[in-house]
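To start, the structure under review is shown below, and the notes come after it.
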Amino acid sequence: MRKPLITGNWKMNGSAGLVETFGRAFAEIELPSPVDVVIHPPFPYLDAARRAFSDTPLGLGAQTLNPLSSGARTGEVSGQMLGEFGVEYVLVGHSERRQLFQESDEQVYERVVAALQAGISPILCVGETLEERDAGHSEEVVLRQVGYVMARLEPSQRRQMTLAYEPVWAIGTGRTATPEQAQQMMAAIRAYQAGFDRELAESLRLLYGGSMSADNARALLAQQDIDGGLIGGASLKVDDFIAICQSAG
Ligand code: 13P
């Protein structure tokens, strides 16, 4: 059985106050069944979040990392540094990083390796654009992104991975993939993994991301191959985020 993972990507949003709000709210609630819950705040809030989340079920995630462990890379942060702050998960290959910061598949792979070397679990984000979907290339694009990284990893490294399918056209648009569309892609990703590691394919957690909300989470999470969610906008509203966590049982 795969334990669900609900993870909130705050992107360049939030505040020190919001960190406190989440810490207080999650200290009081009891989640109905086993579920891993993680928040990825911007870097400056990581230390405050570690303290605010210490008596809660909330785990700590980061939004990116540099492939190097240290050096002359002004403005960048390494996996080693994140590890010092108790970061357990890091997003890699988010479409905003791929598009706005020109991260290539090779750079995504390097970041995944750096995270693994720092003992942090990468959440590898993949997804097609609207043009690619309309041209009928969704599966080809997504499996290329997945394959570029997964095929290069050692079996033991693959087991540390989580994959997040985030169709670019569904991010921040209010236009969610239907549960059927999302399930179809997840099944394709799992089948691809089974091609080289059947056991991994069964245990690998696959998250859906893209306008996931308190209203649509239950239907998406009920799909056989969807093991959780990567939430953007709705992870900034504590009540909505709690409601999504509660639908993951
Ligand atoms: P939204 O939930 O705001 O669409 O963002 C999804 C996302 O990009 C999470 O990483």
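When a ligand or atom number is given, it counts from 1 through the structure's own listing order. What you see is a predicted model; the values in this text were computed from it and never measured. Residues take their numbers from the sequence shown, with the count starting at 1.
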- Query: Below 4.5 Å, heavy atoms only, C-beta onward: do V146 and Q193 meet side chain to side chain?
  - Reply: yes
- A170, portion touching ligand 1 at heavy-atom distance under 4.0 Å: backbone
- Under the 4.5 Å side-chain heavy-atom rule for ILVMFWY, direct or indirect, which residues accompany L100? F101
- Task: Considering the heavy atoms of I171, write down every atom of ligand 1 situated less than 4.0 Å from one of them.
- Result: 4 (O), 5 (O), 8 (O)
- Partner of V112 by side chain to side chain contact (heavy atoms under 4.5 Å, CB included), out of V149, L65, I123, V90: V149
- Task: Report yes or no: does a heavy atom of G209 sit under 4.0 Å from some atom of ligand 1?
- Result: no
- May I ask you to list the atoms of ligand 1 that are less than 4.0 angstrom from any heavy atom of G172? 1 (P), 3 (O), 4 (O)
- Atoms in ligand 1 flagged as close to G233, the criterion being non-hydrogen separation under 4.0 Å: 1 (P), 2 (O), 3 (O)
- Should T173 be counted as touching ligand 1, given the test is an N or O pair under 3.5 Å? no
- Under 4.0 Å from any heavy atom of E166, which atoms of ligand 1 are there? 6 (C), 7 (C), 8 (O), 9 (C), 10 (O)
- Is E106 atom CD crowded by more than 12 heavy atoms from other residues, nucleotides or ligands, each under 6.0 Å away? yes
- If you draw a 6.0 Å radius around CD in Q184, do more than 12 non-hydrogen atoms from other residues or ligands fall strictly inside? no
- Mind checking who shares a hydrophobic cluster with W169, ILVMFWY linked at side-chain heavy-atom distances under 4.5 Å? L130
- Task: Show which atoms of ligand 1 fall inside a sub-4.0 Å distance from at least one heavy-atom site of L230.
- Result: 9 (C), 10 (O)
- Query: So, D105 and R98, do they make that salt bridge, N to O below 4.0 Å?
  - Reply: yes
- Message: Below 4.0 Å, non-hydrogen atoms only: which portion of N9 touches ligand 1? Side chain, backbone, both or neither.
- Response: side chain
- With only distance considered, is G232 within less than 3.5 Å of ligand 1 through an N or O on each side? yes
- Task: Decide if atom CD of Q80 counts as having more than 12 heavy atoms of other residues, nucleotides or ligands within a radius under 6.0 Å.
- Result: no
- Message: Give the atom numbers and elements of ligand 1 that come within less than 4.0 Å of a heavy atom of S211.
- Response: 1 (P), 2 (O), 4 (O)
